[in-house]
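From a predicted model like this one, the values you see are computed outputs, not experimental measurements. Here is the naming used below: chain letters follow the sequence lines, and residue numbers restart at 1 for every chain.
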Number of protein chains: 2
Amino acid sequence: MSESGAAVRNTRQRSAVSALLGEMEGFHSAQDLHAMLRQRGERVGLTTVYRTLQALADAGEIDVMRPPGGEHLYRRCSEGHHHHLVCRACGRTVEVAGPAVESWADRVAEQHGYADVSHTLEIFGTCPDCAR
Amino acid sequence: MSESGAAVRNTRQRSAVSALLGEMEGFHSAQDLHAMLRQRGERVGLTTVYRTLQALADAGEIDVMRPPGGEHLYRRCSEGHHHHLVCRACGRTVEVAGPAVESWADRVAEQHGYADVSHTLEIFGTCPDCAR
DNA sequence: TGCGTTTTTGACAATCATTATCGTTCCCAC
DNA sequence: GTGGGAACGATAATGATTGTCAAAAACGCA
Ligand SMILES: [Zn+2]
Ligand SMILES: [Zn+2]
Ligand SMILES: [Zn+2]
Ligand SMILES: [Zn+2]
């Protein structure tokens with residue numbers, strides 16, 4: 001027992017990954033982010049990028065998207081529960097909230113006796129710029 | 001041009017895969033299905049199972065689910081657009097329809113100028129049997 | 001500031017579902 | 001029945017992600 005300090009340490013690598021995520025506009029893969037860091041001269045290993053992203057995702061600080069047949073994509077998002085409207089071509093992303101959908105999902109699950117309900121929802125489309 | 005016959009041939013292997021899917025209750029992976037076929041004495045290659053499932057999915061005859069960190073799962077579903085309420089523990093699946101959600105997603109996308117809209121939606125929970 | 005302990009790092013190997021190859025098999029229209 | 005092309009399937013290749021483990025870096029404390 002005993003809480004015993006979580007002992008999470010501040011490292012140059014973690015700061016670099018976190019900072020980069022703060023500047024990025026849309027979703028990016030671990031390998032993309034790693035390449036960007038190296039281009040800036042930051043010396044960070046790919047393994048560490050993967051680990052850091054996973055930790056941030058577990059902590060709820062970033063969102064993960066798993067597109068069909070591709071790498072996992074990460075993005076720093078606003079707090080609170082929301083979903084994404086993503087451009088298939090360029091990745092441009094809009095955060096959307098749908099209270100009605102949330103309650104609908106919970107209600108449907110409850111009607112069937114399911115507990116501990118969660119859900120995933122993504123909307124895909126072609127953004128105005130890419131449609132042109 | 002010229003339509004030229006699609007030239008889709010009926011083979012023992014395709015029939016076997018399709019028939020097996022018809023008997024299965026929930027979602028199953030390509031490797032699971034392959035193992036079941038072999039156990040029945042059906043001689044079908046794993047590659048062919050993958051190819052057949054992909055073809056059926058492309059044709060819209062089966063649904064695909066991609067759980068985090070696992071194999072793709074396939075299931076013969078009813079026709080028409082619908083979503084799934086899935087038990088995290090045993091995989092028990094209920095098909096659900098939500099017209100309100102469909103229109104909400106389309107409306108949101110339209111408001112942001114996105115075209116060719118599609119979406120993915122899955123609800124997860126613990127089914128009554130597994131909750132007990 | 002120096003130390004000891006514990007976490008973190010990262011180069012490299014391992015994993016493993018899926019896909020590509022490509023010679024063989026066998027549908028099926030004629 | 002035959003011929004041409006689709007389908008098969010054993011096997012190798014792919015490629016993202018995870019495991020490994022010795023070396024490096026944090027940080028509480030003296
Ligand atoms: Zn776009
Ligand atoms: Zn939601
Ligand atoms: Zn269950
Ligand atoms: Zn829908």
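Residue pairs meeting the side-chain hydrogen bond (donor to acceptor under 3.5 Å, both in side chains) criterion with at least one partner in residues 8-19 of chain B, sequence neighbours excluded, are B/S18-B/R76. Every pair passing salt bridge (charged side-chain N to carboxylate O under 4.0 Å, His left out) that includes a residue from residues 22-50 of chain A is listed here, sequence neighbours excluded: A/E23-A/R40. For residues 17-69 of chain A, the pairs satisfying ring-ring contact (aromatic ring centres under 6.0 Å, His included) are A/F27-A/H84, with sequence neighbours left out. Sorted by first and then second residue, the salt bridge (charged side-chain N to carboxylate O under 4.0 Å, His left out) pairs involving residues 108-128 of chain B (not counting sequence neighbours) form an empty list. The stretch residues 113-132 of chain A participates, sequence neighbours left out, in these ring-ring contact (aromatic ring centres under 6.0 Å, His included) pairs: A/H81-A/H119, A/H83-A/H119. Under the salt bridge (charged side-chain N to carboxylate O under 4.0 Å, His left out) criterion, the residue pairs touching residues 82-96 of chain A are A/R75-A/E95, A/R92-A/D129, with sequence neighbours excluded.
The hydrophobic cluster containing B/V44, built from Ile/Leu/Val/Met/Phe/Trp/Tyr side-chain heavy atoms closer than 4.5 Å, also comprises B/V17, B/L20, B/L21, B/M24, B/L33, B/M36, B/L37, B/V49, B/L53, B/L56, B/I62, B/V64, B/Y74.
Atom-to-atom, NE2 of A/H34 to C1' of C/dC12 comes out at 14 Å; the value is rounded to the nearest Å. Atom CG of A/D58 and atom P of D/dT17 are 15 Å apart (whole Å).
When heavy atoms are screened at a 4.0 angstrom cut-off, B/R43 is found touching the sugar-phosphate backbone but no base atom.
For DNA chain D, the stems formed by at least three consecutive Watson-Crick or G-U pairs, with both atom-pair distances below 3.5 Å, span C:1-30 with D:1-30.
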**OP:** Assign a letter to each nucleotide of nucleotides 17-30 of chain C from its 5' end: B, base within under 4.0 Å of a protein heavy atom; S, sugar-phosphate only; -, no contact.
**Re:** SBBB------BS--

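Residues passing the side chain to side chain contact (heavy atoms under 4.5 Å, CB included) test with A/A89, sequence neighbours excluded: A/C87, A/C130.
Residues A/L73 and A/L85 do not share a hydrophobic cluster, defined by chaining ILVMFWY side chains whose heavy atoms lie under 4.5 Å apart. Linking Ile, Leu, Val, Met, Phe, Trp and Tyr whenever their side-chain heavy atoms come within less than 4.5 Å leaves B/V86 and A/V108 in two separate clusters.
Near DNA chain C, meaning a heavy atom under 4.0 Å away, there are no residues from residues 15-22 of chain B.
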